[in-house]
Amino acid sequence: MDEQPRLMHSHAGVGMAGHPGLPQHMQEGTGGADGDGRKQDIGDILQQIMTITDQSLDEAQARKHALNCHRMKPALFNVLCEIKEKTVLSIRGAQEEEPPDAQLMRLDNMLLAEGVSGPEKGGGSAAAAAAAAASGGAGADNSAEHSDYRAKLAQIRQIYHTELEKYEQACNEFTTHVMNLLREQSRTRPISPKEIERMVAIIHRKFSSIQMQLKQSTCEAVMILRSRFLDARRKRRNFNKQATEILNEYFYSHLSNPYPSEEAKEELAKKCSITVSQVSNWFGNKRIRYKKNIGKFQEEANMYAARTAVNATNVSSHGSQANSPSTPNSAGGYPSPCYQSDRRIQ
DNA sequence: GTTTATGATTACAA
DNA sequence: TTGTAATCATAAAC
């Protein structure tokens, strides 16, 4: 801070030399007692300008007013204009065009896809929709998980919008404040409209970087929510007893060829309130486990065989169709547990 | 706490 | 694409 008055003296000296806009008494003031007095005068004024920020607001206002009314103000203003001109010229070259922010675009796209930004999608989301489609919309637990997911996503959405609004409001307020300040200052120092524009652009850049942090945090929150949601789906849950019975019934009644067709799988899935892929998984697991330890499944096989026989008797006496889904692969009857498949199980 | 049962996932083959 | 085999992760039984 001690250095500044000296620097200002030096600048003023450079700026004033031969300046056409300066009053005569300033241009010739390079020597003699009178010149020294004027230098002292200018020095004092500049000193006052430099110390203005250290003073209280009322005092500063009073001083500002005094400086505005000072007889040398127009001359000093011109000097400052010249310094400014030179400074701006040197800055101008350093400015560069901003590249389009790819990161910001990615964040925006993701927030839009997840339903956080953009129009309300009735609480839905890409993840929930995809998950719902994948699961075939089966099971009450699934819909409970979905609504929980949607509720949490809506919470994130609300926080995001509230924060965004706050940031925008703060940005506008701050910009207005700075613009007013600069306009006020333009009475004592040269400030072009372009400079104000530049300052506004700087403020907006700063605020958009804050906004980007908000967007980043929101994206992270959505990702965490999403992974938790998917983890919950991944969590194993045993099928209910009825579903297992239906699947076992089909398996043992088609033991010679336990490969349900696509239609049969769909029918089983519907009956058991599970997905077709769960039916496929179940049959895959069952086949391999049965094959690995036929002895262990003997009792189970006999039990279901007996049940199937009873069903068949009922069917023949009532003339209605069998309970289990039909399949072109079905061999019917009750084969030996050590079945010989025409497929891969041997 | 350990073991068993079972649904899901993965790599691979046909 | 579908099925097999191995494996993982977890619920359920002990």
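Given the structure is predicted, the values throughout are model-derived calculations rather than measurements. The analysis underlying the following values was restricted to heavy atoms, covering all of them including side chains, and did not include hydrogens, waters or symmetry mates. Letters A, B, ... mirror the listed sequences (proteins, then strands); counts begin at 1.
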Open item on the list: Strictly below 4.0 Å, N to O, side chains only: are Lys270(A) and Glu267(A) in salt-bridge contact?
Closed with: no
Open item on the list: So that I can tick it off, tell me whether Glu249(A) and Lys271(A) are bridged by a salt bridge, with the cut-off set at under 4.0 angstrom between side-chain N and carboxylate O.
Closed with: no
Open item on the list: Check for me whether the distance between the ring centres of Phe283(A) and Tyr250(A) falls short of 6.0 Å.
Closed with: yes
Closest listed nucleotide, where the reference is the side chain of [X] and the choices are [options]:
X         : options                 : value
Arg289(A) : dG3(C), dA5(C), dG7(B)  : dG7(B)
Glu262(A) : dT2(C), dG7(B), dT4(C)  : dT2(C)
Arg287(A) : dT9(B), dA11(C), dT4(C) : dT4(C)
Lys291(A) : dG3(C), dA5(C), dG7(B)  : dA5(C)
Ile288(A) : dA6(C), dT6(B), dA5(C)  : dA5(C)

What's the [atom1]-[atom2] distance between [X] and [N], to the nearest Å?
X         : N       : atom1 : atom2 : value
Asn238(A) : dT6(B)  : CG    : C1'   : 6 Å
Lys241(A) : dG7(B)  : NZ    : P     : 14 Å
Asn285(A) : dC8(C)  : CG    : P     : 15 Å
Trp282(A) : dA5(B)  : CH2   : P     : 15 Å
Asn248(A) : dG7(B)  : CG    : C1'   : 14 Å
Arg237(A) : dA12(C) : CZ    : P     : 10 Å
Glu300(A) : dA5(B)  : CD    : P     : 11 Å
Asn240(A) : dG7(B)  : CG    : P     : 10 Å

Pick base, sugar-phosphate or nothing for [X], based on heavy-atom distances below 4.0 Å to the nucleic acid.
X         : answer
Lys286(A) : nothing
Asn281(A) : base
Phe283(A) : nothing

- [ ] Would you tell me if any nitrogen or oxygen in the side chain of Gln278(A) comes within less than 4.0 Å of OP1 or OP2 on dG7(B)?
- [x] no
Open item on the list: Just N and O in the side chain of Tyr290(A): are any of them under 4.0 Å from OP1 or OP2 of dA5(B)?
Closed with: no
TODO: Please tell me which of Lys265(A) and Lys292(A) maps to the more 5' nucleotide of DNA chain C, matching each residue to the nucleotide holding its nearest heavy atom.
DONE: Lys265(A)
Task: Polar side-chain atom of Glu195(A) near backbone of Ser192(A) as donor-acceptor pair, under 3.5 Å - done: yes
Task: Set of residues satisfying salt bridge (Lys or Arg N to Asp or Glu O under 4.0 Å) with respect to Glu184(A), sequence neighbours excluded - done: Lys64(A), Arg187(A)
